[in-house]
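Only a predicted model underlies this, so the values are computations on that prediction, with no experimental measurement involved.
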Amino acid sequence: MSNTLVQFRAEETMRIKAIDICERLGIDLPTYLRMCVSRLVQENGIPFSMKLDKKPENRGLAAMKAASRIAADNGISEMTLEEINAEISAVRK
């Protein structure tokens, strides 16, 4: 089977955004376009969805959630402020 060149016009800002999304998904834009055409033909329609989360989770919030999970896993999630300060003082001695 021989290859053929397919070209189309797109707004530059859309092209740049598409390249960024593809790179974050670990592929390049030409690979994505080949995937689309191949699957479109195989499925006789648009069969898949590849999406990134709209908003990445705040890193500080993610760290706090991780700390809460670790505390719960170690049975210390219900410690009072006084108990926490006592633990810190004991470690510093």
Inset, instruction - Could you check if a side-chain atom of Ile27 sits within less than 4.5 angstrom of a side-chain atom of Met35, using non-hydrogen atoms only? - result: yes
Legend entry - Joint hydrophobic cluster, Leu40 plus Leu33, side-chain heavy atoms closer than 4.5 Å: no
Inset, instruction - State yes or no: do Val41 and Phe8 share one hydrophobic cluster built from I, L, V, M, F, W and Y residues joined by side-chain heavy-atom distances below 4.5 Å, directly or via other members? - result: no
Legend entry - CG-CG distance between Asp20 and Leu25, expressed to the nearest 0.5 angstrom: 9.5 Å
Inset, instruction - Kindly check if the number of other-residue, nucleotide or ligand heavy atoms within 6.0 Å of CD (Glu11) is above 12? - result: no
Identify every side-chain donor-acceptor pair in residues 77-84 under 3.5 Å, counting partners at least two apart or on other chains, and give the distances.
{"unit_1": "Thr80", "atom_1": "OG1", "unit_2": "Glu83", "atom_2": "N", "d": "3.2"}
{"unit_1": "Thr80", "atom_1": "OG1", "unit_2": "Glu83", "atom_2": "OE1", "d": "3.4"}
{"unit_1": "Glu83", "atom_1": "OE1", "unit_2": "Thr80", "atom_2": "N", "d": "2.7"}

Legend entry - Pairs where residues 59-69 contributes a residue and the test salt bridge (Lys or Arg N to Asp or Glu O under 4.0 Å) is met, not counting sequence neighbours: Glu57-Lys65
Legend entry - Within-4.5 Å side-chain heavy-atom neighbours: Val37 and Tyr32: no
Legend entry - Residue pair Gln7 / Leu5, side-chain heavy-atom distance below 4.5 Å: yes
Inset, instruction - Answer yes if the side chains of Arg34 and Thr31 hold a donor-acceptor pair under 3.5 Å, and no otherwise. - result: yes
Legend entry - Whether over 12 other heavy atoms sit under 6.0 Å from Asp73 CG: yes
Legend entry - Residues, nucleotides or ligands: over 12 heavy atoms within 6.0 Å of Ile46 CD1: no
Inset, instruction - Could you grab the distance from atom NZ of Lys17 to atom CD1 of Ile21, nearest 0.5 Å is fine? - result: 8.5 Å
Legend entry - Separation between SG of Cys22 and CG of Asp28, rounded to the nearest 0.5 Å: 7.5 Å
